[in-house]
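These figures come from a predicted structure and were not determined experimentally. Computed from heavy atoms alone, side chains included, the values below leave out hydrogens, waters and symmetry copies.
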Amino acid sequence: MTPLLRLTDVCVDIGRKRLLDGIGLTLDRGQVLGLVGESGSGKSLTALAIAGLLPLIGGKVTGGAIHFDGMDLTAIGEARLRSLRGKRFGFVMQNPMTALDAVQRIGEQIDIVSRLHLGLSAQAARLRTLDLMAQLRIAEPSAVAEAYPHQLSGGMKQRIVIAMALAGDPELIIADEPTTALDVTVQAQIIQILTRLSRDRGLALLLITHDMGVVAQVCDRVAVLYAGRIAEERAVEPIFEAPSHPYTAALIGCIPRDGMAPGSLHGIPGAVPVSGRYPSGCRFNPRCTHAADLCRQERPALRALPSGGSVACHFAKAETS
Amino acid sequence: MTQALLQVEGLTKQFHAGGGLFARQRSMTAVRAVDLTINRAEVVGVVGESGCGKSTLARLVMRLIEPTSGRVRLDGTDITALSPKTLRAARRRMAMVFQDPYSSLDPRYSIADILAEPFVVQSRRMPARTVETMLETVGLPQTMATQYPHQLSGGQRQRIGIARALVLQPEFIVLDEPTASLDVSIQAQIIELLSSLRDRFGLTYLFISHDLGLVRYFCNRIVVMYLGAVCEILPDPKSAPRHPYTSALLASNFSPDPAARRTLAPLAGEIPSPFNLPSGCAFAGRCPRVTDICRMQQPPLVAEGGHAVACFNPL
Ligand SMILES: Nc1ncnc2c1ncn2[C@@H]1O[C@H](COP(=O)(O)OP(=O)(O)OP(=O)(O)O)[C@@H](O)[C@H]1O
Ligand SMILES: Nc1ncnc2c1ncn2[C@@H]1O[C@H](COP(=O)(O)OP(=O)(O)OP(=O)(O)O)[C@@H](O)[C@H]1O
Ligand code: SF4
Ligand SMILES: [Mg+2]
Ligand SMILES: [Mg+2]
């Protein structure tokens, strides 16, 4: 079966800077893929590349392909891309306020999506809007539909943005840190709603987060980004049980778990390098406890793992295809 | 015998908003009748969601703001009753690290100046080599002394914030979400730094966070706040929660272990407006265990062997 979404060797430049370098990922229908990595590793750029929104920040895809249901999104042109956005894939941004129009009523903002993409009448669109709001556990949907964004709490606004992303009945949702600004109890609600939709409707969900706890609890697969490259991409259980890449292991070692003895958090020394200051060879080598001369000289290729998935480390036990 | 270093009694802070010519003035209680004791060399965590009063409590404890009522005693001295001059002397014994490493350091001063500033405020002479020693203590290179905050990463700035808090050799430090704006990779380093400093200098911490997983790792006791009031004090980070809100917080905390997946049972409902609190238990509108009495009366905080809970129907 071909996956719904497949990125092959995707490169993204802004100006003369290469910010994503050979990103590869796959996502099937009904699957939740977590995209993780420290701040600045390229998570949002990956999301923007898939959604075709890089021009907004002056970037472009300069290599590789992004296949969505067989079509290469990098080659179909802006007009067709626009017709897919909203209808076949939805985008949930980190800050709900940037997605909402401050002077338009909530209900109208959701209605417009299904009118545009599903060709519904005003009345049918409103019924769909109220139904979606109810599914997202918004109390008194018809009252909330008449409200303006500033009258709602952060968690409510984020649920409205999710309703807008769902209104065109998409097959894929890309959610960029949808809960980072929210309280933990609200975060739990929203993550539960998103993952349930994925299971119940066969929706594919690309969930960008820096929270390894969220990843462990709800994702099927995980892609770890580091300095614009994929470090490791695998199913969630093996990645937590036996991470293949030292960066994945280090990230997991940063999170306190129940029963951990004091002093057992390690952290990762140093910081994610920025474009233009990438070290040669493996970009993680200055921070890596396993780094050897080879790591400073040669870029590790992304190789397939015997247990499925792939890893880019010279010392990981991968298949040497 | 354990010895109380900090005692907070009935601490309350009301804020007034609005007012002016046309708007009706409204008041809200950001911190309500908080009682709390912190023993020497203890790390007490305060958790709760945004707006529940954690930072207000921190600022009251430091007396950066004046309480509406209640007391804060440091080693027996009531600091809420001190004159500005005696307060300054007491301030040498306590310090605070702020949440945002970007706005808490003055961009016009070099790192060396920032570390010398507490001595200037105290009109004391800074001992020789203080800056060098402090940089070393928090694991930063000596070359940083001549740099400015904008040249440092978030994690480095937070280390400077910690160094500045340590410079007068305080006994007690309030840490207000010191890692909330940092990557987990940096958070882990800062937490281990704080933990080794505590061991080395016998420090006592009040550690504020919204991350229950982190608090359970780092703290000896945990205070849970909801809308300005303490709803539970866990005597041990491993104690099972008895308050339904603590239990919901714990259930909302995503464990980094895919083998231990749980079905989430998130709380329904929204946090009520602090300007318009229900008359009974503040949590009643979201509580799965709510009964009639909860909507009518405020549950008192009742302690049983160090475990205090404010709930009519505890778990
Ligand atoms: N508009 C831009 N112009 C130049 N560089 C950019 C731009 N947007 C992002 N970058 C750079 O690209 C890299 C990846 O950025 P990106 O926003 O994708 O990171 P991220 O993983 O989403 O981080 P965060 O967790 O902080 O959101 C960073 O080094 C960033 O500085
Ligand atoms: N100076 C002030 N004037 C008026 N209201 C205030 C003031 N400072 C805080 N508040 C209010 O008091 C309540 C508690 O705020 P506080 O900053 O203590 O919360 P917090 O628990 O630290 O939240 P966060 O997790 O977002 O930092 C909030 O409703 C806030 O709006
Ligand atoms: S390739 Fe080398 S430096 Fe890079 S992660 Fe593997 S061991 Fe570390
Ligand atoms: Mg981002
Ligand atoms: Mg605060």
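For the options A:Asp258, A:Asp211, A:Ile252, A:Ile239, heavy-atom pairs under 4.5 Å to chain B are most numerous at A:Asp258. Taking chain A as the reference chain and counting heavy-atom pairs below 4.5 Å, the highest number among B:Ser185, B:Pro237, B:Ala188 is found for B:Ser185. Looking only at heavy-atom pairs under 4.5 Å with chain B, the residue among A:Val184, A:Leu251, A:Val215 that has the most is A:Val184. Note on B:Ser195, B:Ser255, B:Ser50: by heavy-atom pairs under 4.5 Å with chain A, the leading option is B:Ser255.
Looking only at distances, no side-chain donor or acceptor of B:Gln187 sits under 3.5 Å from a matching main-chain atom of B:Pro178.
Interface residue B:Ile191: only side-chain heavy atoms are found under 4.5 Å from chain A. With a 4.5 Å cut-off on non-hydrogen atoms, A:Ser264 touches chain B through its backbone and its side chain both. For B:Glu49, the parts lying near chain A are the backbone and the side chain together; criterion is any non-hydrogen pair under 4.5 Å. Looking at A:Ala261, only its backbone comes within 4.5 Å of chain B, counting heavy atoms on both sides. For A:Val272, no part lies under 4.5 angstrom from a heavy atom of chain B.
No hydrogens or angles considered: nothing links the side chains of B:Asp183 and A:Ser39 as a donor-acceptor pair under 3.5 Å.
At a threshold of 4.0 Å, the pair B:Arg216-B:Asp236 does not count as salt-bridged, since none of the basic side-chain nitrogens sits closer than that to a carboxylate oxygen. Remark: A:Arg234 does not engage A:Glu241 in a salt bridge, criterion side-chain N to carboxylate O under 4.0 Å.
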Salt bridge (Lys or Arg N to Asp or Glu O under 4.0 Å) between B:Glu42 and B:Arg198, worked out:
CA-CA 9 Å; B:Glu42 204 183 16; B:Arg198 178 190 51 163; over 6 Å; no
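Residue B:Gln151 qualifies as enclosed at atom CD: its count of foreign heavy atoms under 6.0 Å is above 12.
If you run side-chain hydrogen bond (donor to acceptor under 3.5 Å, both in side chains) between B:Glu232 and each of B:His243, B:Arg242, B:His307, only B:His307 comes through.
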